[in-house]
Amino acid sequence: MGQTQGLHYLMASDFDQTLSFNDSGVELAEILGVRNFAQKVAGLARSNLIQQGGELAYLIRHDPEFRGVRREHLIEAGRRVHLKAGIRELVECLQSFPGHRFSFFVISAAPKDLVSAALEHLVPASHIFGTEFDHDPQTGEVRAILRVPAGYGKVAVLDELAASTHVPMERMVYVGDGSSDVHVMLHVNHHDGFTIAVSENPQLARIARCMVLSDSAFSVLVPVLQQMLGWRVGAIRTLFEGRGFSLEEWEHASLDRIRLSEARDPIEARHRILS
């Protein structure tokens with residue numbers, strides 16, 4: 001089915017509005033009773049004080065309304081995040097991919113505790129890279145920022161993964177949605193990797209190798225299979241049906257608009273792919 005057999009690939013994805021529908025900072029702000037979160041983030045973006053994507057980390061450390069954030073707040077916010085469908089199926093499919101080996105990681109400027117809580121039982125915490133804080137052992141409040149994977153920070157994480165997994169950049173896939181993903185997408189493209197935008201962000205539209213607009217995280221496999229691995233349309237449909245999805249809409253032009261639904265008989269479809 002694929003042109004290359006037995007190779008190790010790596011897929012890395014952003015979190016906010018890539019695997020989820022909303023910014024996780026909104027959930028945290030609601031827990032804390034902060035009502036002007038969007039305005040605070042917009043003000044930081046206009047000031048160019050920090051790298052795009054790192055606004056929440058800056059607010060948690062420096063804004064008086066966020067000073068009381070503790071680890072339990074981050075975990076609760078993560079549990080409230082509205083995730084996209086198909087994440088479990090995506091991870092499971094990558095773990096048992098026909099003829100290939102895929103590793104899946106999440107690289108996000110959102111707090112790691114928050115992302116880990118949101119993706120609990122879906123993605124191992126060891127495969128999640130997010131903002132890390134030093135918490136006061138007595139009060140539990142954040143007293144320092146240890147690392148923020150935003151902007152060039154995402155590039156650094158991806159380079160570390162390439163070194164630790166021994167996967168060359170040309171077998172890297174990065175999925176993102178916003179301006180904070182520009183640097184890492186440029187980096188992956190420069191080394192002949194594959195980049196996917198899941199929003200119509202104008203900056204990413206000029207950079208990403210392809211664009212997928214869908215409510216299902218599983219949909220990002222379509223361009224990977226077709227453009228990166230050279231699968232035919234029929235084989236792609238069979239794989240999706242075997243995982244319980246039906247490719248009802250696939251408008252392939254300069255971007256991929258995809259809508260998935262559960263197959264009528266996923267058990268029968270699974271038998272079809274295995275036979």
Side-chain angles (χ1 to χ4, degrees), residues 9-26 38 41-42 44-46 48-58 81 83-84 87 90 103-112 114-115 118-119 123 127-132 147-162 167 169-224 227-228 254-256 258:
Y9 292 82
L10 188 150
M11 177 180 286
S13 174
D14 186 26
F15 177 72
D16 283 337
Q17 301 182 55
T18 301
L19 298 178
S20 68
F21 285 101
N22 300 311
D23 192 314
S24 57
V26 174
V41 170
L44 285 173
R46 287 193 300 269
N48 296 316
L49 179 64
I50 57 175
Q51 293 199 74
Q52 288 183 315
E55 294 87 359
L56 180 58
Y58 181 89
V81 169
L83 296 175
K84 287 188 176 181
I87 297 176
L90 173 64
S103 297
F104 182 76
F105 295 89
V106 177
I107 306 175
S108 172
K112 180 175 179 177
L114 189 157
V115 179
L119 297 176
V123 180
H127 282 220
I128 296 172
F129 294 83
T131 294
E132 299 180 29
R147 187 177 193 183
V148 183
Y152 286 108
K154 291 189 175 185
V155 175
V157 171
L158 203 61
D159 283 344
E160 291 171 10
L161 287 174
V167 175
M169 277 291 180
E170 63 265 25
R171 295 205 296 271
M172 295 273 187
V173 181
Y174 184 83
V175 185
D177 77 286
S179 302
S180 65
D181 299 305
V182 167
H183 294 303
V184 68
M185 283 196 174
L186 287 172
H187 184 65
V188 173
N189 285 345
H190 178 71
H191 292 280
D192 296 323
F194 195 76
T195 50
I196 303 172
V198 294
S199 76
E200 295 182 281
N201 180 288
Q203 289 182 289
L204 293 192
R206 297 191 296 267
I207 297 171
R209 296 289 175 88
C210 71
M211 188 183 300
V212 173
L213 302 180
S214 176
D215 290 341
S216 174
F218 197 74
S219 298
V220 299
L221 278 182
V222 171
V224 172
Q227 299 181 44
M228 194 174 187
S254 57
L255 58 84
D256 290 316
I258 299 166

I196 side chain reached by V224 side chain, heavy atoms, under 4.5 Å: yes
Pair D23-Q17, side chain to side chain contact (heavy atoms under 4.5 Å, CB included): steps then yes or no: CA-CA 6 Å; D23 192 314; Q17 301 182 55; 4.1 Å; yes
OH-OG distance between Y174 and S13, expressed to the nearest 0.5 angstrom: 7.0 Å
Any residue meeting side-chain hydrogen bond (donor to acceptor under 3.5 Å, both in side chains) with D177, in chain and number order, not counting sequence neighbours: T18
Non-hydrogen side-chain atoms of Q52 and V182 separated by less than 4.5 Å: no
Sequence-distant partners of E160, side-chain hydrogen bond (donor to acceptor under 3.5 Å, both in side chains), two or more places apart: R147
Counterpart residues, ring-ring contact (aromatic ring centres under 6.0 Å, His included), relative to F104 (two or more places apart): none
Heavy-atom donor-acceptor pair, N201 side chain to G178 backbone, under 3.5 Å: no
Q227 side chain near C210 side chain, heavy-atom distance below 4.5 Å: yes
Within-4.5 Å side-chain heavy-atom neighbours: L161 and V167: no
Qualifying residue, where the test is side-chain contact (heavy atoms from CB on, under 4.5 Å) with V115 and the options are D16, L19, V106, V81: V106
Student check: side-chain heavy atoms of V123 and F105 closer than 4.5 Å: no
Closest approach of L83 to F21 (non-hydrogen atoms, all atoms of both residues): O-CE1, 3.4 Å
From CA spacing to verdict: side chain to side chain contact (heavy atoms under 4.5 Å, CB included), L221, L90: CA-CA 8 Å; L221 278 182; L90 173 64; 3.7 Å; yes
Under 3.5 Å: donor-acceptor pair, side chain of T195, backbone of R209: yes
Non-hydrogen side-chain atoms of V173 and V220 separated by less than 4.5 Å: no
F15 side chain near L119 side chain, heavy-atom distance below 4.5 Å: yes
Residue pair R171 / L10, side-chain heavy-atom distance below 4.5 Å: no
Check: H191 ring centroid to H187 ring centroid under 6.0 Å: yes
Test log, rule side chain to side chain contact (heavy atoms under 4.5 Å, CB included), inputs V212 and V222: CA-CA 9 Å; V212 173; V222 171; 5.8 Å; no
Results of ring-ring contact (aromatic ring centres under 6.0 Å, His included) for F218 - residues two or more places apart only: F240, F245
Q203 versus S179, closest heavy-atom pair with distance: OE1-OG, 2.5 Å
Qualifying ring-ring contact (aromatic ring centres under 6.0 Å, His included) pairs, either residue in residues 193-212, two or more places apart: none
Whether Q51 side chain and Y152 backbone form a donor-acceptor pair below 3.5 Å: yes
side-chain hydrogen bond (donor to acceptor under 3.5 Å, both in side chains) partners for T131, two or more places apart: none
Spacing of S20 atom OG and I87 atom CD1 [to the nearest 0.5 Å]: 8.0 Å
Pair M211-L204, side chain to side chain contact (heavy atoms under 4.5 Å, CB included): steps then yes or no: CA-CA 9 Å; M211 188 183 300; L204 293 192; over 6 Å; no
